[in-house]
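Notes for the one structure printed next.
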Number of protein chains: 4
Amino acid sequence: MKNYQRLKGMVAAAFTPMTPDGNLNLPAIDAYAERTAASKMAGIFVCGTTGESLSLTTQERKDVLERWIKAADKRFKVIAHVGSNSLMEAIELARHAAEQGADAIAAMAPGFFKPGSVKELIDFFAPIAHAAEDLPFYYYNMPSMTGVSLSVAEFLHEGKKVMPNLVGCKFTHNNLMEMGECLALDNGAFEILHGYDEILITGLSFGATAGVGSTYNYLPEVYRGIFEAMEKGELEKARELQMKSIEVVKIIIKYGGGVRGGKAIMNLIGIDCGPCRLPISPVSNEEYERLRKDLLEIGFSF
Amino acid sequence: MKNYQRLKGMVAAAFTPMTPDGNLNLPAIDAYAERTAASKMAGIFVCGTTGESLSLTTQERKDVLERWIKAADKRFKVIAHVGSNSLMEAIELARHAAEQGADAIAAMAPGFFKPGSVKELIDFFAPIAHAAEDLPFYYYNMPSMTGVSLSVAEFLHEGKKVMPNLVGCKFTHNNLMEMGECLALDNGAFEILHGYDEILITGLSFGATAGVGSTYNYLPEVYRGIFEAMEKGELEKARELQMKSIEVVKIIIKYGGGVRGGKAIMNLIGIDCGPCRLPISPVSNEEYERLRKDLLEIGFSF
Amino acid sequence: MKNYQRLKGMVAAAFTPMTPDGNLNLPAIDAYAERTAASKMAGIFVCGTTGESLSLTTQERKDVLERWIKAADKRFKVIAHVGSNSLMEAIELARHAAEQGADAIAAMAPGFFKPGSVKELIDFFAPIAHAAEDLPFYYYNMPSMTGVSLSVAEFLHEGKKVMPNLVGCKFTHNNLMEMGECLALDNGAFEILHGYDEILITGLSFGATAGVGSTYNYLPEVYRGIFEAMEKGELEKARELQMKSIEVVKIIIKYGGGVRGGKAIMNLIGIDCGPCRLPISPVSNEEYERLRKDLLEIGFSF
Amino acid sequence: MKNYQRLKGMVAAAFTPMTPDGNLNLPAIDAYAERTAASKMAGIFVCGTTGESLSLTTQERKDVLERWIKAADKRFKVIAHVGSNSLMEAIELARHAAEQGADAIAAMAPGFFKPGSVKELIDFFAPIAHAAEDLPFYYYNMPSMTGVSLSVAEFLHEGKKVMPNLVGCKFTHNNLMEMGECLALDNGAFEILHGYDEILITGLSFGATAGVGSTYNYLPEVYRGIFEAMEKGELEKARELQMKSIEVVKIIIKYGGGVRGGKAIMNLIGIDCGPCRLPISPVSNEEYERLRKDLLEIGFSF
C-alpha cells in the first residue's frame, strides 16, 4: 500500500471567484493563489462547500480545478472535491483530478438519495476512489449539508478494505466524541482534518494536526497561532486566538454564513471573488458597508 | 397571458430504465410509453424524484427526455423536470425541454444551498422559467427531499408576477392545510397537482383534480377509480380504493420506498426498468421473491 | 369485554380558565360548560394540550376535571387527559378520573424520556389504563408535542391485548396514511378521533366520525357543517366550510397558535378564559385589538 | 450583589435510587453519598436528567433532595434541579430547596410548551429564581432533552438584570462555539459547567473549570485526571484519559444511554440504585451480564 504524506496545519477551503453576472472568473484565481502561498497554507480545498461545489456545472468544476493546479505551482497541495449526487459525475471528476495532477481527492456523501448504511456509503464511494486510485481519498463528512450522518469510524475502518487510497476524512460536524474516536482509530491510521473553524481548539485537543477552513483565507495568522499554541500546550493563548476567530464567525453568520459572508470579506480584503451564485443572494452595497464596519469594530485589519 | 390547458387525472412519475450495470436503457422507454398510453395517463413526469433525477448527468437527463417525447407521440403530455442544484444546469435543461417539444417544465428547489425566503426561491427560479417561457412551469414542492419548506401560496402569488408561465405546483408534502390554501388561492388560479399517492383522497377532498404519482404506473385502475369516485362524491368507494393503494405503499416502504421498491415492481409486471443507480442499492433476487410474495398476499395482479 | 359507546361528531378541547395572575379560575368553567352544551358538543377533552395540561400541577388538573364533570351534568361526555412524564402522576390522575365519574381517559406519551418502541409505550400505558379499567382509554398521539412517533396501528393492535379498555386514539398528526390504516385496523375495531381541525375533511375522507378540536369551541357551526356535509358526500360544501376554518387557523397561528391565540378568541367571544400560564406569554391589549380586527375582516361573528 | 463561591472540578449528576418496583429507595442515598464524598466530588446535582427528574412526582423530588442534603453533610455542595413544565411546581421546588438548605438551584427550560425567545425564557425563570433568591441559580441548557435552543449568552447577559442570583449555566450541548462565548461573556462573569462527559477536554480547552456529569460517578479518577492534566496544559495525557471515558460512554450508549446504562453500572459497582422508572425499561439479567463483560473487556475495574 502506498504511503501518503499527511497534511499538517492549514488547508484553505477555496471560494470560487465569479463575475458580477454569476459566471466563473478563472483569472482571479491567480492572485488568490499567490495569497494562499504567501499565507503558508499547506493546501487548498477546491470546489467544496465554500467553493459552491454543487452550484457549479461539471465542466466548471474541472475548469476551476485546472486553474488552481496551475496557479498553485506545487507551492501547496491541491485537493479536489469531486462529490456529486450523480455517481457518474463524481467518477468523471475524480478521473479528471488524477489526470490533471491534483494531490488528493475528497467527496461528500450524496444528499438527495441518502445512503442509509455505511455499506451503502462505501458502495457509492468505491468506484469514485478507484477512479483516482493513485491519489489519497478523503471522505468529506458534513451532515449539516448532506443530511447523511453515518458512523465515520465504521466507514473508515470498513471502507479502507475496499478503497486502499482512503486516507481519512474532513470532519465537519460537532460530534467531537466521534472525531476523537476517528483520530484514535486503528492506532491513528487515518488523517482527520478538522472542519469547523470556530472550534478548532477542540479538534486539536483531540489530536488533530490539520484542518480545512474557509476563514483561514482571511485570518491565516490567527489560525497559525492556534496550531502553534496547541502544539506547545499553551491552552490559554490558543483560547484567546480562538475567541478572535469566533468574533469573526459571529459576524459572517449575520451575513448569511461562511460562503456568502466569507466571500464578501474576501472582496473587502482585496481578493476579488465576486458574488455567490444563486440561490445564494448577492451582497448589497449597504451590506458591504455594514460588514466592513462590523469588522473594524472588532479590530479586523484589512 | 397565455392560457394553458390544465392537467386532469393521472400523471405518472416515470422511472428511468437502466441496464444492470447502472447505465441508461433508453430503448426500454418505448414499451413503458405504450403502457403509459394504454393506462390512459394524462401525462408523464420525466426525471423527477422517481426518475432518479439528481443521480443522472445533465446529458442523461436530456437523452431520457428526448426518448419520452418521441415515444409519447402526443398521446399524453410530457413534463420535464429540470430542477438542479446548479442554476446553470437547470437553465440548460429548461431550454432543452422547450426546444425538444416538452409540454411543460417543473423544478424542485435546490437542496444543497437552500433558499431561505420566498424571494430567494423566486430569484432562483425566474431565469429557469424564463428559459422555457412558452411552456407552463410547475414548482415541485417536496420538502422531504429538498429540505426547503417555504410558503407555497406566497411563492405562487408573488412568483406569478415575475414568471408569467408559473401555472401551479406539484404538491408533495403532508401539509394539507397549505395544499387547501393553494387550491383556493386567487380564485383557483393555480393548478395544484397532488403528490402523495397514499393519501390521494385527501388532496381530492380539498379540490385537486390531478395528481402525479409513481404508484400510478402499476396501479392505474385503482387511482382512476379514486379520481372517479371522488368526483361523484362516493367517499366510501374512494376510501376502499385508497386502502388498496396503501396496502401496496406499505409494501414498497419495506423495500426501500417508492423509487427502489417501485422500480422492482415495474420489473415484476414486465416493464423493464432495471436497477436503481447507486447510492440506491440493487434489489437482490431474494428480495424480488419476497416482494412478489408480499404482493400476491394482498391480491396484487401481475 | 365491555362495549363502549363511540363518540360521534365534535369533542371540544377545553381551554383552562385562569385569572389574570395565572391561577385557576374554576368558576369560569360553569359558563363555558353552558356554551359547550348549547353548541351540541359530544364531549369535552379536559386538560389536554389546549388545556395547558403539563403546565398545571397534579392537584390543579384534578380540580379542573371535577368542575367540568359537575358543570357538564351528563349533557356531554367528559374525557380526562391524564398523561404525564411521571408514571406515578398519570396513574394518580387516572384513578381520580374514574372515582370522580369521568366518561373516559386519554393520555399522551411521555416526551421527556421518550419510549423508543411500541413495547415501551405499551409498558408505560398499561398501569395507567389499568388504574381506570372501567373507563375507555384513548391514546393521544401527538408527535409534534411529544416527539414520540411510533406506529399507532401497531400500538393499538398490540396494546389491546394488555389493555382491554384501550378503545382508540386521538390522532393529532399529519400522517394521514397512518390514520387511514388505524381506521381500517382490525375491521374498524378502534375509534380514531381526528385531531387537526384545519384538515378535518381529510380525516373524515378516511372514515373518521368524530374529532377533538380546540377551534370547535368558537366555530361550532362550521365544524358541525363539515361533519354533516361529509356524511352526505357533499364534498364541495365541506370544502368551503373547511376553508373558513383555515382562515381562522391562519389567524391564530399569527397570535402564537391554538392555545395562546385560541384562548384570546374565547375571551373575545365572551367566554372568560383569561391568559395562558407561562411560558406562554400573555396577550397584550394591542394584540387583542389586532386579533379582533383580523377576525372581523374574514367575517367572524362575535 | 452577593458573591457566590464558584464550583471547581467534578459535580456528579445523581442517579435516583429506586426499589425493584419502581418506588424511591431513599436509604440507598446514604451509601451513595459516602462514595460521592470519598470521590472528592465538588458537588452533587440532584434530580436532573440523570436523576429522572420529570419522571418523579413533586413530593418525590423533595424527598430525594432532603435526603441528599442530610447525607452530604456539607462535605460537598448539593445543587437542586427544580425545573418543571409547570411553573408552579418549579417555584414550589425552588422554595423548598432554599428552605432545606441546598447550596444552589438549577432549572432546565420547559419542553412541552417551549419558550420561543430569550425574553420568554427569562420571564419563565424569573419567578423561579426569585423563589430561592439567596441561592445561586444555574440555567440548565440541554436542547437535546428540552427542544429549547435559544442563545445562552443572550440569556445570561439579559437574565442577570432581572435575576441577580443567576450565576451561570450547566452547558449540555455540542455547540462548543457558544460555550466559548458564554465563558468569555462579560469578562468571565458566569460559571459555565461543562455537560457532556465524553468531550470534557473540549469544554476545558475553552476555559471551563467545572463540569457536571453522570459518568463521574463511576469513573472519578479518570475525570479528575482530565481536570488536572488540562490545568497543566498536558494535552496528550488529558486526551488519553478522555479516550478511556469515551470507551465507557460507547458502552452505555449500547445499553440505552447515560441514565439506563449508567444506573446499571452503579449497581454493578455496588452502589444500589435499582432500576429506572418507566418509560425507561428495566435492565434484564442477561443485559447485566453482557454489560459486565463489555466493561471488563476495556479494563474497567469494579
Side-chain angles (χ1 to χ4, degrees), chain A residues 18 21-24 48-61 83-93 107-117 119-128 142 144-148 150 256-260 276-282, chain B residues 18 21-24 48-61 83-93 107-117 119-128 142 144-148 150 256-260 276-282:
Chain A
M18 294 184 184
D21 63 359
N23 283 303
L24 292 189
T49 301
T50 300
E52 295 171 74
S53 162
L54 299 198
S55 294
L56 306 179
T57 67
T58 302
Q59 186 57 50
E60 287 176 329
R61 291 171 71 173
S84 171
N85 280 304
S86 169
L87 176 64
M88 300 316 190
E89 284 182 356
I91 290 173
E92 186 181 334
L93 287 169
M108 65 175 69
F112 188 68
F113 293 121
K114 296 178 175 57
S117 66
K119 188 191 173 311
E120 285 181 18
L121 191 62
I122 292 173
D123 287 347
F124 181 80
F125 279 137
I128 301 169
M142 196 185 200
S144 66
M145 290 303 286
T146 62
V148 175
L150 297 164
V259 185
R260 187 175 185 270
C276 292
R277 181 170 288 179
L278 296 171
I280 302 181
S281 63
Chain B
M18 294 183 184
D21 63 0
N23 284 304
L24 292 188
T49 301
T50 301
E52 295 171 75
S53 162
L54 299 198
S55 293
L56 307 179
T57 68
T58 302
Q59 185 57 50
E60 286 176 329
R61 289 171 73 174
S84 171
N85 280 304
S86 169
L87 177 64
M88 300 316 189
E89 284 182 358
I91 289 173
E92 186 180 334
L93 288 168
M108 64 175 70
F112 187 68
F113 292 121
K114 296 178 175 59
S117 67
K119 188 189 173 312
E120 285 181 17
L121 192 62
I122 292 174
D123 287 347
F124 182 81
F125 280 137
I128 301 169
M142 196 185 201
S144 66
M145 291 302 285
T146 63
V148 176
L150 296 164
V259 186
R260 186 175 186 270
C276 292
R277 179 170 290 179
L278 296 172
I280 302 181
S281 64

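Residue numbers start from 1 in every chain, and the chains themselves are labelled A, B, ... in the order their sequence lines are given, proteins ahead of strands. The figures here come from the full heavy-atom set of this structure, side chains too, leaving out hydrogens, waters and symmetry mates. Being a predicted model, the structure only gives us computed values, none of them experimental.
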Fill in the blank from the handout: Cut-off 4.5 Å, heavy atoms of chain B, and the answer for A:Met108 is side chain
Problem - Side chain / backbone / both / neither for A:Glu52 at chain B, heavy atoms under 4.5 Å - result: both
Practice task
Not counting sequence neighbours, which residues clear salt bridge (charged side-chain N to carboxylate O under 4.0 Å, His left out) with B:Glu120? List them please.
Solution key: none
Handout entry: Close side-chain approach of A:Thr146 and A:Pro110, heavy atoms under 4.5 Å
Key = no
Practice task
State, with a plain yes or no, whether a side-chain heavy atom of A:Phe113 is found less than 4.5 Å away from one of B:Val259.
Solution key: yes
Exercise for the section: Sort B:Thr49 into side chain, backbone, both or neither according to what part of it lies under 4.5 angstrom from a heavy atom of chain A. Expected result: both
Handout entry: Contacting region of A:Thr58 [heavy-atom separation from chain B under 4.5 Å]
Key = both
Handout entry: Under 4.5 Å from any heavy atom of chain B - which part of A:Ser84
Key = neither
Fill in the blank from the handout: Applying a strict 4.5 Å limit to non-hydrogen atoms, the region of A:Ile280 in contact with chain B is side chain
Exercise for the section: Considering only NZ, NE, NH1 and NH2 on the basic side and carboxylate oxygens on the acidic side, decide whether A:Arg277 and A:Glu60 come within less than 4.0 Å. Expected result: yes
Exercise for the section: Please check if atom NZ in A:Lys114 has more than 12 non-hydrogen atoms from other residues, nucleotides or ligands closer than 6.0 Å. Expected result: yes
